[in-house]
Asker: 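Take a look at this one; I'll ask things after.
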Amino acid sequence: PGYKSVMSLFAGLVFAACSQNYGSNGEAIYMSGATLDGEEIEKIVDLEALGNSSETLSCASCHGNNARGAKNPIPAFGPFVAPPIAWSDLTSPENTVPYTEISFAYALREGIAPEGYRLHHPMPRWLLSDTEMNDLVTFLKTK
């Protein structure tokens, strides 16, 4: 209940994604939630918990422009910490189960961490194609 598929709800987001000077498709996806072509990435998110259906969500919305994470980045979702997602953080041997490209894709698409627990509810389920996922991982490896 309360979960909805979000396709192209905001024409402004598409325009904004096209008008930015992103260096790669992965950067565009991370920063805007849309491809370099301006196509919004479909996602499943709890819009009722968000409280503002016009809220633009992207990876950077919670994890920050530098992928280093943030505390309580979207207050409407309640208190939570968005962890760092720079590739070096995700794959660190200090993690109980370091991410791989496969487990990262699964986490984004299904909301399940490599350890098997469900990611916190604000985390959207991003419906990225394999190419888009590869582009995003390539970008995160630069962080």
Asker: Hey, does Pro75 have a side-chain heavy atom less than 4.5 Å from the side chain of Asn72?
Answerer: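 Asn72 does not reach Pro75 side chain to side chain.
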Asker: Decide yes or no for Phe80 and Pro122: does some side-chain heavy atom of the first lie under 4.5 Å from some side-chain heavy atom of the second?
Answerer: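 In short, these two side chains touch, coming nearer than 4.5 Å.
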Asker: Does any pair with a residue in residues 131-143 pass salt bridge (charged side-chain N to carboxylate O under 4.0 Å, His left out), and if so which ones, sequence neighbours excluded?
Answerer: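 Those involving residues 131-143 are Glu101-Lys141.
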Asker: Does Thr142 use its side chain to pair, donor to acceptor, with the backbone of Phe139 at less than 3.5 Å?
Answerer: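 At least one qualifying donor-acceptor pair exists.
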Asker: Which pair of non-hydrogen atoms, one from Leu90 and one from Pro84, has the smallest distance, and what is that distance?
Answerer: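 The answer is CD2-O, 4.2 Å.
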Asker: Roughly how far, to the nearest 0.5 Å, is OH of Tyr30 from CG of Leu136?
Answerer: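 If I round to the nearest 0.5 Å, the distance is 8.5 Å.
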Asker: Is the backbone of Thr35 close enough, under 3.5 Å, to the side chain of Glu39 for a donor and an acceptor to pair up by distance?
Answerer: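 Between the backbone of Thr35 and the side chain of Glu39 there is no qualifying donor-acceptor contact (under 3.5 Å).
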Asker: Mind listing the closest non-hydrogen atom pair of His120 and Pro79 along with its distance?
Answerer: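 Minimum heavy-atom contact is NE2-O, 4.3 Å.
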Asker: Under the side-chain hydrogen bond (donor to acceptor under 3.5 Å, both in side chains) test, which residues partner Arg68, sequence neighbours left out?
Answerer: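 Here the qualifying residues are Asp89.
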Asker: May I ask you to decide if Pro114's main-chain N or O and Ser103's side chain share a donor-acceptor pair within less than 3.5 Å?
Answerer: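 Not confirmed, Ser103 side chain does not pair with Pro114 backbone.
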Asker: Given Leu108 and Met123, is the side-chain contact (heavy atoms from CB on, under 4.5 Å) satisfied, shown in steps?
Answerer: CA-CA 8 Å; Leu108 264 61; Met123 178 65 188; 4.1 Å; yes
Asker: Within the structure provided, determine whether His63 and Pro83 are in side-chain contact (heavy-atom separation under 4.5 Å).
Answerer: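 Heavy-atom side-chain distance check passes, below 4.5 Å.
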Asker: Let me know which of Ile41, Val45, Leu119 forms a side chain to side chain contact (heavy atoms under 4.5 Å, CB included) with Pro124.
Answerer: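 That would be Val45.
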Asker: What are the two closest non-hydrogen atoms of Pro98 and Ser92, and how far apart are they?
Answerer: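 Closest heavy-atom pair between Pro98 and Ser92: CG-O, 3.4 Å.
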Asker: May I ask whether Ile44 and Ile112 are part of the same hydrophobic cluster, defined by side-chain heavy atoms of I, L, V, M, F, W, Y residues being less than 4.5 angstrom apart, directly or through others?
Answerer: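 No, it is not one cluster - the side chains of Ile44 and Ile112 are not joined through contacts under 4.5 Å.
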Asker: Are Tyr117 and Ile85 joined in one hydrophobic group, where the rule is that I, L, V, M, F, W and Y side chains link up if heavy atoms are under 4.5 Å apart?
Answerer: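 Same cluster.
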Asker: I'd like to know if the side chain of Asn25 and the backbone of Leu36 have a donor-acceptor N/O pair within less than 3.5 Å.
Answerer: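 A pair under 3.5 Å: yes.
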Asker: Which heavy atom of Ser32 sits nearest to which heavy atom of Tyr22, and what is that distance?
Answerer: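 Looking at all heavy atoms of both residues, the closest pair is CB-OH, 3.7 Å.
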Asker: Give every residue pair that meets the ring-ring contact (aromatic ring centres under 6.0 Å, His included) criterion with at least one member in residues 94-114, sequence neighbours excluded.
Answerer: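 Only Trp87-Phe104 qualify under ring-ring contact (aromatic ring centres under 6.0 Å, His included).
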Asker: With rounding to the nearest 0.5 Å, note down the distance linking NZ in Lys43 to CG in Leu128.
Answerer: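 Rounded to the nearest 0.5 Å, the NZ-CG separation comes out at 10.0 Å.
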Asker: I'd like to know if the side chain of Arg109 and the backbone of Arg125 have a donor-acceptor N/O pair within less than 3.5 Å.
Answerer: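 Checking the backbone N and O of Arg125 against the side chain of Arg109, no donor-acceptor pair under 3.5 Å is found.
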Asker: Ala82 and Cys62: which non-hydrogen atoms are nearest, and at how many Å?
Answerer: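 Closest approach of Ala82 to Cys62, heavy atoms only: CB-O, 3.3 Å.
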